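Take a look at the structure set out below.
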Amino acid sequence: MPVFAKALALLSGLALAACAVSQATPPPATGPDGLMAWPDLLERPRPSPDASIAYGADPLQVVDLYLPAGAGPHPVALMVHGGCWQTEIADRTIMNWLADDLRRRGIAVWNIDYRGVDRPGGGYPGTFLDVAAAAEALRAHAAAHDLDLSRIVATGHSAGGHLALWLAARPRLPEGSPLRSPDPLPIRAVVSLGGLPDLEEAARPPGSGCGTEVIARISGGRFAETSVPRLAPLGVPQVLINGRQDRIIPVAYAEGYAGPARAAGDSVRVRMIDRTGHVELVAPETAAWAAAAEEIERALRR
């Protein structure tokens with residue numbers, strides 16, 4: 001596991017780098033601008049999962065399961081963390097607060113981890129194969145934990161938003177792709193939190209706060225398999241929750257993805273939340289998360 005003190009420093013550096021790229025005002029911090037800084041989230045008590053389940057031999061090939069009180073079958077949020085696809089920046093525990101909030105709302109959470117581009121076996125194709133294997137492991141453990149496989153919503157933050165959308169797009173992968181599998185886990189809807197769905201757009205300088213080199217490593221240059229717009233239409237409803245003051249993910253990315261996706265036939269809505277940066281998207285007390293939880297609950301009722 002990465003040491004969170006080091007991850008915190010990397011996250012802060014990422015925000016500064018993104019700010020320099022966009023020539024914006026100083027990076028988010030607790031203060032008069034009202035935006036959260038990473039210590040506001042990471043230094044609070046961290047909720048714990050009900051179980052941890054390995055889906056492979058690597059220590060990062062693991063899922064944390066959050067189970068609601070009471071009898072099932074429980075609807076499921078398949079959750080994917082961000083961190084610019086880099087394990088050193090973030091792991092699944094950055095999503096613990098959101099997972100606990102959904103657990104309290106009666107929704108089981110399948111909070112997955114994966115090897116980032118900075119770990120052996122990560123990048124293309126390993127990161128995608130990990131995420132797919134973690135999703136498929138849900139099938140193997142659903143009966144034991146009374147999980148409802150007919151009600152699954154994928155949600156992810158930042159790079160995890162891209163991976164959540166990609167999971168829904170798996171049936172559209174081209175023939176011959178090493179990422180393709182015959183019967184991908186069906187996903188009812190996707191709620192992306194400050195996601196980065198269009199890897200081709202992010203690969204063009206100046207790119208996002210993640211940097212263009214990371215995009216090259218996660219995509220392997222094979223955008224037809226890794227960039228979500230290339231796989232449209234996904235055939236499932238999608239909601240993009242974005243912060244208007246997010247300095248990591250440019251606000252233009254949301255509508256830049258949504259417009260062409262709608263033209264391809266998908267149902268895509270964008271909810272741009274004011275007074276919201278990148279951290280607010282993963283803090284359970286914020287307006288951004290209230291909007292995301294509302295969308296997850298709506299999709300599960302549909």
Side-chain angles (χ1 to χ4, degrees), residues 45-56 60-82 91-114 130-157 160-161 163-171 181-193 234-239 241 267 281-286 288-302:
R46 195 181 302 270
S48 298
D50 295 286
S52 294
I53 299 166
Y55 66 88
L60 288 166
Q61 292 173 325
V62 66
V63 175
D64 284 343
L65 174 62
Y66 292 73
L67 281 171
H74 305 294
V76 182
L78 198 171
M79 185 171 279
V80 193
H81 74 82
D91 62 19
R92 67 192 183 281
T93 63
I94 203 170
M95 306 296 280
N96 283 25
W97 297 276
L98 302 189
D100 182 58
D101 183 77
L102 290 178
R103 172 170 59 184
R104 294 171 185 272
R105 294 171 185 262
I107 300 168
V109 179
W110 192 254
N111 184 23
I112 73 172
D113 221 329
Y114 53 87
D130 279 5
V131 171
E136 295 306 324
L138 179 52
R139 278 177 162 148
H141 295 276
H145 298 287
D146 210 2
L147 306 178
D148 186 352
L149 293 180
S150 71
R151 291 189 294 163
I152 300 173
V153 171
T155 185
H157 174 241
L163 292 170
L165 287 161
W166 180 84
L167 281 170
R170 287 172 65 209
S181 59
D183 184 27
L185 180 77
I187 290 171
R188 176 176 288 197
V190 181
V191 177
S192 168
L193 311 171
L234 277 57
V236 302
Q238 303 154 55
V239 181
I241 310 288
S267 169
L281 297 166
V282 284
E285 72 275 17
T286 63
W289 176 246
E294 175 190 13
E295 296 293 350
I296 291 169
E297 291 177 324
R298 177 182 292 138
L300 289 171
R301 288 194 302 268
R302 188 177 295 120

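As a basis for the values below, the full set of heavy atoms in this structure was taken, side chains included, without hydrogen atoms, waters or symmetry mates. Computed from a predicted structure; not experimentally measured.
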>> I'd like to check Ile241 versus Val239 (side-chain heavy atoms, cut-off strictly below 4.5 Å). Are they in contact?
In response: yes
> Rounded to the nearest 0.5 Å, what separation is found between the CG atom of Leu67 and the CG atom of Asp50?
Replying inline: 5.0 Å
> Looking just at side-chain N and O atoms, do Asp130 and Gln61 make a donor-acceptor pair shorter than 3.5 Å?
Replying inline: yes
>> Please report the interatomic distance CD1(Ile187) to CH2(Trp166), rounded to the nearest 0.5 Å.
In response: 10.0 Å
>> Please find the pair of heavy atoms, one from Ala137 and one from Trp110, that lie closest to each other, and give the distance.
In response: C-CZ2, 3.6 Å
> Which value, rounded to the nearest 0.5 Å, describes the distance between Thr155 atom OG1 and Leu167 atom CG?
Replying inline: 11.5 Å
>> Within the 4.5 Å heavy-atom criterion, are Leu102 and Arg105 side-chain neighbours or not?
In response: yes
>> Please find the pair of heavy atoms, one from Ala164 and one from Gly156, that lie closest to each other, and give the distance.
In response: CB-N, 3.9 Å
> Nearest 0.5 Å, what's the OG-CG distance between Ser192 and Leu163?
Replying inline: 10.0 Å
> Taking the side chain from Arg46 and the backbone from Thr93, do they hold a donor-acceptor pair closer than 3.5 Å?
Replying inline: yes
>> If you define the side chain from C-beta out and look only at heavy atoms, does anything of Trp289 sit under 4.5 Å from Val282?
In response: no
>> Test side chain to side chain contact (heavy atoms under 4.5 Å, CB included) on Val236 and Val190; report intermediate values, then the result.
In response: CA-CA 7 Å; Val236 302; Val190 181; 4.3 Å; yes
>> Can you confirm whether Gln238 sits close enough to Val191 that some side-chain heavy atom of one is under 4.5 Å from a side-chain heavy atom of the other?
In response: no
> In Å, rounded to the nearest 0.5 Å, how long is the span from CZ of Arg92 to OG of Ser52?
Replying inline: 5.5 Å
> Between the side chains of His81 and Asp113, does any donor sit under 3.5 Å from an acceptor?
Replying inline: yes
>> Looking at every heavy atom in both Arg188 and Ser150, which two are closest together, and how far apart are they?
In response: NH2-O, 3.0 Å
> Considering only heavy atoms from C-beta outward, does the side chain of His141 approach that of Leu147 to under 4.5 Å?
Replying inline: no
> Who pairs with Pro73 by side chain to side chain contact (heavy atoms under 4.5 Å, CB included), at least two apart in sequence or on another chain?
Replying inline: Asp146, Asp148
> Do the non-hydrogen side-chain atoms of Ile107 and Leu300 ever get within less than 4.5 Å of each other?
Replying inline: yes
> How far apart are the closest heavy atoms of Val63 and Ala134, and which atoms are they?
Replying inline: CG2-CB, 4.1 Å
> Which pair of heavy atoms, one from Tyr114 and one from Val80, lies closest together, and at what distance?
Replying inline: CE2-CG1, 3.8 Å
> So with a 6.0 Å cut-off around CZ of Arg298, is the heavy-atom count from everything else above 12?
Replying inline: yes
>> Tell me which one of Asp100, Asn96, Asn111 satisfies side-chain hydrogen bond (donor to acceptor under 3.5 Å, both in side chains) with Tyr66.
In response: Asn96
>> Test side chain to side chain contact (heavy atoms under 4.5 Å, CB included) on Leu138 and Leu185; report intermediate values, then the result.
In response: CA-CA 9 Å; Leu138 179 52; Leu185 180 77; 3.9 Å; yes
>> If you compare all heavy atoms of Ala135 against all heavy atoms of Arg170, which two are closest, and at what distance to 0.1 Å?
In response: CB-NH1, 4.5 Å
>> What's the separation between atom CG in Leu98 and atom CD1 in Ile296, rounded to the nearest 0.5 Å?
In response: 8.0 Å
>> For a 4.5 angstrom cut-off between non-hydrogen side-chain atoms, does Leu78 reach Ile112?
In response: yes
